[in-house]
Structure formats: structure tokens, C-alpha cells
Amino acid sequence: MPAPDAHLTLPANPVACHECDLLQSEPRLAPGETARCVRCGAVLARNPPDSLDRSLALTLTATVLYVIANVYPLVGLEMQGRQVEVTLIEAVQILWKGGVEPVAALVFITALLFPVLELLMFLLVLVPLRLGRVSPRLATFFRLVRSVQPWGMMEVFLLGMLVSLVKLSHLATVLLGPAFWATAALIVVLTLAARAFDTRLLWQTPVAESGR
Amino acid sequence: MHMRKHASLSTTWALIAAAILLYVPANLMPMMVTASLLGSQEDTIMSGVVFLWQSGSWPLATVVFFASVMVPLLKIIALIYLTASAQRRSRHNLIQRTRLYRLVEFVGRWSMLDIYVITILVALVQFQGLATIQAGPAAVAFGAVVVVTMFAAMSFDPRLIWDPLSDPTPRRPDHD
Ligand SMILES: [Zn+2]
């Protein structure tokens, strides 16, 4: 392990690890490669191929899926000839009227509000970048997007739906609505979109340098 | 380079204390109340797990048990260890502690599982005169545990684990 005072001179292209603060030089990455912190192993940078076009296309797909996931019923139940189906917002409303407003608010925020905020904010970063407008404010804004991410919990919500349907399956027929499948697809597409995005685009000008 | 989180340690301690206080009612009070033709029944988190186990879906019972009971508990214990060792400016197990922090951040969100289970159960089982399900007071306490432990994990700055490396160390040999 290098002694911390070994870094008296700044490395050529210095990056500070966001998890342990070690200053180190960022290696040149071939497409598909990942750079990790030499001390703690945190991901410093990735170089996904075709970053902007792919992440933009995936994010737009995710937006369409988000609309489907919130307009159509998620799940349904058939019991002695009576049938119910609920959308996400209806489920939140029923919970709210049932007297547990804080829980309803939590579900609204984590399953509905923060996922759409994440989507829209990601688009607000991608579209200017795609149009070739790089500004230092984008990087600051992207940090805000990152801070929003932990509060969007669609994948936990999907598993929660499955558990509740298993619980109900012995007393009634359960139905999976279009929004259920849209939510499942949305989780996959959004993960791919985030993976496809090269964060270094926020810091570097897209003009080709002579060093290539 | 990123701004350091402000007053990281004291904020984390306060949030850990709040999480412990909320964890108790979350596990002892009823999570949901089922009213059916057979009468009324109250379920805690644990009795919900037992029900899933007995009805034969033991993989799901295991998942719910881990997400709702073990994850919040282990998260609280891990955060106490991380915060205490950072406060002592410990120079041991730096990599292991960083990995533990990443695990806490990654796994914590899954304890929301039971909140979503309740949401769907309450929303679907509203057959008046046949069967209805209501959320109990533990749902509020449990939701609060999840939120508070997430804030605790966020307020802890993982770079504090590595900071003691830049402390002056008098015991170090001079011919370094
Ligand atoms: Zn590092």
C-alpha cells in the first residue's frame, strides 16, 4: 500500500476516488474497459461504447415504459365473481384513505415520484450533451441525479408485488396487468441506460484531442 | 472532487439512535389487520413470515424474513461499527470496512419490501362484507426505520474510513 505522502506531486490527469479520496491518475480506457481505485477498488470511470446514443435511446424507451406502468393496472384479483384491478396511484390513494398517510407518501415517493424525477433529470443531462453543449453546470446537476437514485425503488416494488400475489393466490385468482410487465421492463432498460452512460463526457469536451 | 458531508459522525449517530427506537414498535405492533367472514386477524412482520412459510412458499418467506427483519438489524449493527471505528480513527480493516459500507448502501433499500407488500394487499383486498385488509401502526414505524437507516448510511462519509492514514504517526520509523 503506498504511503499517502507519496502523492506530493499531482498525477497528470488526476481523479480523486469518491470513496477514499485517494488522488490517482486516470488511465486511458479502451471502449468497454473500467478503471478502479488502486486502493479501495471503487469504480473511477468506465468507457462504454456509443455512450450518448445508447443511453439516450434507452432513456426514451424507459420514459414510454414509465407511462404504461402508471396508466394501466398493475395487478388484479378475482374473488367470488367480483374483480378488482389497481393502478399504482390508486393503490397509494387507498392506502392514504386507510389512515396510514406516511406510508402512502413513502410509496408515492419511492415507486412513482423519484423514478420519474430520475428519468427526467437524466434526459436533462443527456439531451444537451447530445447536442454538443457541455457546461460545468451539467456535472453539478448530474451529482443531483445520483443523489436521487437511491430513493427510486422500483425493483423492490416489483418483488413486493410478487410476494403479495403469492399471499393472495390461495384465496383468489390473481391477475398481472400490463403495468406489471412495463415496470419489469422499465427496471431492466433503466439499468442498461445508466450502465451505457459514460460520466466522463460531463467533464471532457467532445472535441477530438491530438492525443488519440 | 466532492464536498465532504457536513458533521458526518454526529448526524449518523443521531439517525442510528432513532432507527433503534423505531425498530422495536415496527416488529412488535401489527403490520396489517385482516377482516373477513371468519373474523379479524392482526399480523406482525414475523407472523406474516410464518404464514408464508406454512403455506409452502418458503423461498419467499426467507426473502421477506431477510428483507424485513435481518437487513434493518444488520444495517444498524454495521453502521454502529463503521461510525465507532471511524470515530476512533482506526487504521484497521480499511478495505473490509469500505466493502461493508457498500454492502449496507446496496442492501438497505430491499427492506422496503414489506411496505410494498402491504400496499398491494390493502389495495386489492377491499371486498366489503367479504374481506378487507388495513395497514397497521407497525407499517408507519417500519417505513420510518427504512428511511432513517437510509439517511444514516448516506450521512456517513466513507472517506472517513481512510482519513486516519493521513494522521501524523509518531511511532513510524524515521528512515521511511
Ligand atoms: Zn478509493
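Because the structure is a prediction, the values reported are computed rather than measured. Chain A is the first sequence line, chain B the second, and so forth, proteins listed ahead of strands; every chain is numbered from 1.
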Take atom [atom1] in [X]; do more than 12 heavy atoms of anything else shown fall under 6.0 Å from it?
{"X": "Y72(A)", "atom1": "OH", "answer": "no"}
{"X": "Y81(B)", "atom1": "OH", "answer": "yes"}
{"X": "R89(B)", "atom1": "CZ", "answer": "yes"}
{"X": "F141(A)", "atom1": "CZ", "answer": "yes"}

With only heavy atoms counted, which part of [X] is less than 4.5 Å from chain B, the side chain, the backbone, both or neither?
{"X": "A104(A)", "answer": "neither"}
{"X": "L165(A)", "answer": "side chain"}
{"X": "A172(A)", "answer": "neither"}
{"X": "Q80(A)", "answer": "side chain"}

Determine whether [X] and [Y] make a side-chain contact, defined as any pair of heavy atoms from C-beta on separated by less than 4.5 Å.
{"X": "R82(A)", "Y": "L130(B)", "value": "yes"}
{"X": "R39(A)", "Y": "L165(B)", "value": "yes"}
{"X": "V75(A)", "Y": "I120(B)", "value": "yes"}

**Report entry** Donor-acceptor pair between T110(A) and Y116(B) side chains, under 3.5 angstrom
**Finding:** yes
Straight-line distance of [X] [atom1] to [Y] [atom2], nearest 0.5 Å:
{"X": "W162(B)", "Y": "L22(A)", "atom1": "CH2", "atom2": "CG", "value": "8.5 Å"}
{"X": "F108(A)", "Y": "T119(B)", "atom1": "CZ", "atom2": "OG1", "value": "13.5 Å"}
{"X": "M153(A)", "Y": "W110(B)", "atom1": "CE", "atom2": "CH2", "value": "10.5 Å"}
{"X": "C40(A)", "Y": "R97(B)", "atom1": "SG", "atom2": "CZ", "value": "12.5 Å"}
{"X": "L52(B)", "Y": "K167(A)", "atom1": "CG", "atom2": "NZ", "value": "5.0 Å"}
{"X": "I94(A)", "Y": "L124(B)", "atom1": "CD1", "atom2": "CG", "value": "8.0 Å"}

Query raised in the report: Would F157(A) and I115(B) count as a side chain to side chain contact (heavy atoms under 4.5 Å, CB included) if you check the C-alpha gap in whole Å, the side-chain angles of each, and the deciding distance to 0.1 Å?
Result: CA-CA 9 Å; F157(A) 178 59; I115(B) 293 290; over 6 Å; no
Query - Worked check of side chain to side chain contact (heavy atoms under 4.5 Å, CB included) between H18(A) and R159(B) - result: CA-CA 8 Å; H18(A) 58 95; R159(B) 286 166 297 187; 5.7 Å; no
Requested in this report: Identify the heavy atoms of V100(A) and G136(B) that sit nearest to each other, and give their distance.
Outcome: CG1-O, 4.1 Å
Query raised in the report: Looking only at heavy atoms, what is the nearest atom pair of F127(B) and L77(A), with distance?
Result: CE1-CD2, 3.8 Å
Report summary line: Cut-off 4.5 Å, heavy atoms of chain A, and the answer for V63(B) is side chain
**Report entry** Contacting moiety of F51(B), where chain A heavy atoms sit under 4.5 Å
**Finding:** side chain
Report summary line: In V117(B), V64(B), L60(B), the residue satisfying side chain to side chain contact (heavy atoms under 4.5 Å, CB included) with V166(A) is L60(B)
In terms of heavy-atom pairs under 4.5 Å, which option from [options] contacts chain A the most?
{"options": "S57(B), A131(B), A135(B), A61(B)", "answer": "A135(B)"}
{"options": "L121(B), D114(B), L160(B)", "answer": "L121(B)"}
{"options": "Q126(B), M154(B), R99(B)", "answer": "M154(B)"}

Query raised in the report: Short question: side chain of R109(B), backbone of P150(A) - any donor-acceptor pair under 3.5 Å?
Result: yes
Report summary line: Ranked by heavy-atom pairs below 4.5 Å to chain B, first place among H170(A), Q93(A), E155(A) goes to E155(A)
